[in-house]
Amino acid sequence: MSSSAAEVVLAREAVLERLLADSRFVLATHESPDGDALGSLVAMHGLLVALGRDAEMFLAPSDLPLPQEYRFFKLEHTIQAPPEDIDRRTVIFLDCGNIDRNSAAVLRAGAHLINIDHHHDNTRFGSLNYVAPEASCTAEMVWDLMHGLGVAPTGRVAEALYIGLVTDTGRFMYENTGPRAHEMAAELIAAGVDVQEIYRRLYEEVPVSKLRLLARALSGIQSYDSGELTLATLSREDFAAAEADDGHYEGIVDHLRSVRHTKVAALVRDVVGGQTPSRRKVSLRATGEEIDVSAIARTQGGGGHRRAAGFTTELGLQEIVALLRREIAAQRQATERDATPVA
């Protein structure tokens, strides 16, 4: 679904009204939270605290520990189960495109459900849906709401917003990086964000176990269809041999995307520590506009962006490979048909 500019403006105003009208909140994001999810979560909590509201952040036990690069986030006021007064709290879902395949679905009983997101394939599951696909990240939307309420981002809130921005724009290199993203960055830097320190925390404090895991993934790269699909796998045995945990896979798929001729990069990994041994997560990245990987992910109940998406499945590896090759070929053929002039 898509939102018109007028609908987005109206939804923003409705969210601002709700933030001022309600007094108790629970905040949640998507499973396996990334930089934008966590940055939006922490920043929205800071906004509500600045307004004098009672707010808690929900992270399911299955989402912990966080990936190594995000463990410096201070997450006090975090809960792992719905509060007893959930039916009297407004629940704000941040950066969450689809609640049905999300650990945060346990919060459905909230008095109001506010859905704030920038994914173009958001399922509009909230009682109030503020979905702005033109935003570079959900953190940008939270930053905009802070402006609407006259709350200045400072301290850890400014840092959280910057982390959401820099990670979801690929350090300002992805196609979702527009002028407003740079305006936001400039304001946050002026507010005191230490860019070098954040870069160091995110990209340079790499544990040896993560490098071992990367090495195991790269040693088994597979290429299909003249290099269109570049794929790597990580088994439970790989995680054990590298002495890595489930949070150490972050960023590996981006190495695959850099391989020459690749149109789609895929990382297929076993879910470590889960109760279902056959459960796998598939991270997808596209190198251009030819293939919409979010459309592929949606066929398996997942979602994301046109160039970055993912899904969870119990399909076997060969079935996953066949699915990806089939979906890529179908999209390429559809594009070729559309480009063929009618005689």
Side-chain angles (χ1 to χ4, degrees), residues 1-16 18-19 27-30 33-51 57 70 73 92-97 114-122 124 126 128-195 198-199 202 294 303-309:
M1 298 181 195
S2 61
S3 299
S4 69
E7 288 173 336
V8 172
V9 171
L10 289 173
R12 175 184 180 275
E13 294 305 311
V15 169
L16 291 173
R18 182 59 60 194
L19 296 180
L27 312 179
T29 187
H30 60 75
D34 56 11
D36 190 24
L38 293 166
S40 302
L41 193 73
V42 171
M44 178 58 77
H45 184 266
L47 168 58
L48 293 171
V49 168
L51 294 175
M57 295 181 287
Y70 303 131
F73 270 108
I92 302 179
F93 294 93
L94 297 148
D95 202 44
C96 179
I114 301 178
N115 171 18
I116 302 175
D117 185 33
H118 75 127
H119 292 93
H120 72 283
D121 60 350
N122 188 285
R124 272 68 171 182
L128 174 55
N129 298 292
Y130 176 29
V131 180
E134 73 281 1
S136 65
C137 54
T138 302
E140 181 185 310
M141 299 173 69
V142 176
W143 171 72
D144 183 68
L145 291 171
M146 296 186 79
H147 275 265
L149 293 168
V151 177
T154 58
R156 73 169 192 165
V157 171
E159 185 177 270
L161 289 170
Y162 189 82
I163 291 167
L165 175 65
V166 74
T167 55
D168 233 41
T169 59
R171 293 176 248 183
F172 305 101
M173 292 187 293
Y174 295 163
E175 77 283 354
N176 59 333
T177 307
R180 193 155 173 78
H182 288 289
E183 291 170 11
M184 175 179 169
E187 181 182 304
L188 296 175
I189 293 170
V193 168
D194 186 335
V195 174
I198 287 179
Y199 184 91
L202 290 174
S294 70
H305 302 289
R306 185 176 182 87
R307 293 197 187 183

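None of the values given here were measured: they were computed from a predicted structure.
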Look at the side chain of [X] and the backbone N and O of [Y], then say whether any donor-acceptor pair between them is shorter than 3.5 Å.
{"X": "Thr29", "Y": "Leu94", "value": "yes"}
{"X": "Asn129", "Y": "Ala11", "value": "no"}
{"X": "His120", "Y": "Pro133", "value": "no"}

Nearest atoms (heavy-atom pairs only) where Ala139 meets Asp36: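 The pair with the smallest heavy-atom distance is N-OD1, 2.9 Å.
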What are the two closest heavy atoms between Ala191 and Pro153, and how far apart are they?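 The pair with the smallest heavy-atom distance is CB-O, 3.5 Å.
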Side chains of [X] and [Y]: does their closest heavy-atom pair fall under 4.5 Å?
{"X": "Phe73", "Y": "Leu41", "answer": "no"}
{"X": "Ser40", "Y": "Met141", "answer": "no"}
{"X": "Asp34", "Y": "Asp95", "answer": "yes"}
{"X": "Leu51", "Y": "Val151", "answer": "yes"}
{"X": "Tyr70", "Y": "Leu202", "answer": "yes"}
{"X": "Thr177", "Y": "His182", "answer": "yes"}
{"X": "Val157", "Y": "Leu47", "answer": "no"}
{"X": "Val15", "Y": "Ile92", "answer": "no"}

Check the pair Glu140, Arg180 against side chain to side chain contact (heavy atoms under 4.5 Å, CB included), reporting the backbone distance first and the verdict last. CA-CA 9 Å; Glu140 181 185 310; Arg180 193 155 173 78; 3.7 Å; yes
Verdict with supporting geometry, Phe93 and Ile116, side chain to side chain contact (heavy atoms under 4.5 Å, CB included): CA-CA 6 Å; Phe93 294 93; Ile116 302 175; over 6 Å; no
How would you list, by chain and number, every residue that makes a side chain to side chain donor-acceptor pair (under 3.5 Å) with His45, sequence neighbours excluded?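 Checked His45 against side chain to side chain donor-acceptor pair (under 3.5 Å); zero matches.
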Sequence neighbours excluded, which residues qualify as side chain to side chain donor-acceptor pair (under 3.5 Å) partners of Asn176?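 None.
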Could you work out, with side-chain contact (heavy atoms from CB on, under 4.5 Å) as the rule, every residue matching Ala185, not counting sequence neighbours?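 Here the qualifying residues are Tyr162, Leu165, Phe172.
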Classify the side-chain pair Asn122/Asn115 by whether it contains a donor and acceptor separated by less than 3.5 Å.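 Yes.
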Scan for salt bridge (charged side-chain N to carboxylate O under 4.0 Å, His left out) pairs involving residues 161-177, sequence neighbours excluded, and state none if there are none.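 Listed by first then second residue: Glu175-Arg307.
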Quick one: do Ile198 and Ile163 satisfy side chain to side chain contact (heavy atoms under 4.5 Å, CB included)? Show the steps, please. CA-CA 7 Å; Ile198 287 179; Ile163 291 167; 3.9 Å; yes
Under the ring-ring contact (aromatic ring centres under 6.0 Å, His included) test, residues paired with Tyr174 that sit two or more places apart: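 So Tyr174 forms no ring-ring contact (aromatic ring centres under 6.0 Å, His included) with any residue.
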Ring pair (Phe, Tyr, Trp, His ring centres under 6.0 Å) pairs, two or more places apart, involving residues 135-155: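 Of all non-adjacent pairs touching residues 135-155, those that pass ring pair (Phe, Tyr, Trp, His ring centres under 6.0 Å) are Trp143-His147.
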